Amino acid sequence: MFLKVKSPVFIDHLTFQVEDPQKSYFKAILRDDAGLVCGALETEVEKDQQQLDWNGLNDLPYGVYTLEISRGKDEMKLRLVKRV
């Protein structure tokens with residue numbers, strides 16, 4: 001695992017802890033229960049960067065989401081919940 005979501009429950013932003021801090025390209029896609037893309041983040045993680053924030057998620061409706069994260073060939077999926 002190269003990233004860890006600080007909490008599986010979010011309100012208006014997600015915070016990631018970088019487990020393997022090296023310069024690399026990072027891509028995240030947030031999908032709702034129907035599989036529709038609700039948000040995407042593409043950024044470059046700097047060497048020795050410990051944390052990454054994804055802001056601007058306050059307009060999403062409350063519910064369950066799937067977060068798909070990729071960095072090069074590494075990929076992972078997580079279930080998240082947006083709440084009040």
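Every value quoted in this text rests on a predicted model; they were computed, and no experiment measured them.
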**Q** My understanding is that only residues two or more places apart in sequence, or in another chain, count here; which of them pass side-chain hydrogen bond (donor to acceptor under 3.5 Å, both in side chains) with D53?
**A**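 Once residues adjacent in sequence are excluded, the partners of D53 under the side-chain hydrogen bond (donor to acceptor under 3.5 Å, both in side chains) criterion are T15.
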**Q** Grab the two heavy atoms, one from E46 and one from K23, that are nearest each other, plus how far apart they are.
**A**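 For E46 and K23, the tightest heavy-atom pair comes out as OE1-NZ, 3.9 Å.
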**Q** Contact between Y65 and L14 at the side-chain level, heavy atoms closer than 4.5 Å - yes or no?
**A**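 With C-beta onward as the side chain, the pair stays apart.
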**Q** Got a sec, which residues hit side-chain hydrogen bond (donor to acceptor under 3.5 Å, both in side chains) with E42, two or more places apart in sequence or on another chain?
**A**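 With neighbours one apart ignored, the set is Y25.
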**Q** Please output the side-chain donor-acceptor pairs of residues 76-84 that fall under 3.5 Å, not counting sequence neighbours, one pair per line with the distance.
**A**
unit_1: R79; atom_1: NH1; unit_2: T66; atom_2: OG1; d: 2.9
unit_1: K82; atom_1: NZ; unit_2: I11; atom_2: O; d: 3.4
unit_1: K82; atom_1: NZ; unit_2: L57; atom_2: O; d: 3.2
unit_1: K82; atom_1: NZ; unit_2: N58; atom_2: O; d: 3.0
unit_1: K82; atom_1: NZ; unit_2: L60; atom_2: O; d: 2.6

**Q** Which donor-acceptor pairs under 3.5 Å do the side chains of residues 32-40 make with protein atoms, sequence neighbours left out?
**A**
unit_1: D32; atom_1: OD1; unit_2: A34; atom_2: N; d: 3.0
unit_1: D32; atom_1: OD1; unit_2: G35; atom_2: N; d: 3.0
unit_1: D32; atom_1: OD1; unit_2: L36; atom_2: N; d: 2.9

**Q** To the nearest 0.5 Å, what is the distance between CZ on R71 and NZ on K27?
**A**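 Rounded to the nearest 0.5 Å, the CZ-NZ separation comes to 16.0 Å.
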**Q** Let's go through I69 and F16 carefully: what are the C-alpha distance in whole Å and the side-chain angles of both, what is the deciding distance for side chain to side chain contact (heavy atoms under 4.5 Å, CB included) to 0.1 Å, and is it a yes or a no?
**A** CA-CA 11 Å; I69 303 171; F16 302 98; 3.9 Å; yes
**Q** So which pairs with a foot in residues 38-63 pass ring-ring contact (aromatic ring centres under 6.0 Å, His included), sequence neighbours left out?
**A**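 Passing the test, one end in residues 38-63: no pairs.
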**Q** Restricting to side-chain hydrogen bond (donor to acceptor under 3.5 Å, both in side chains), what partner residues turn up for E68, sequence neighbours left out?
**A**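 side-chain hydrogen bond (donor to acceptor under 3.5 Å, both in side chains) check on E68 returns R31.
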**Q** Dump the intermediate steps for side chain to side chain contact (heavy atoms under 4.5 Å, CB included) on I29 and L67, then the final yes or no.
**A** CA-CA 6 Å; I29 297 173; L67 177 65; over 6 Å; no
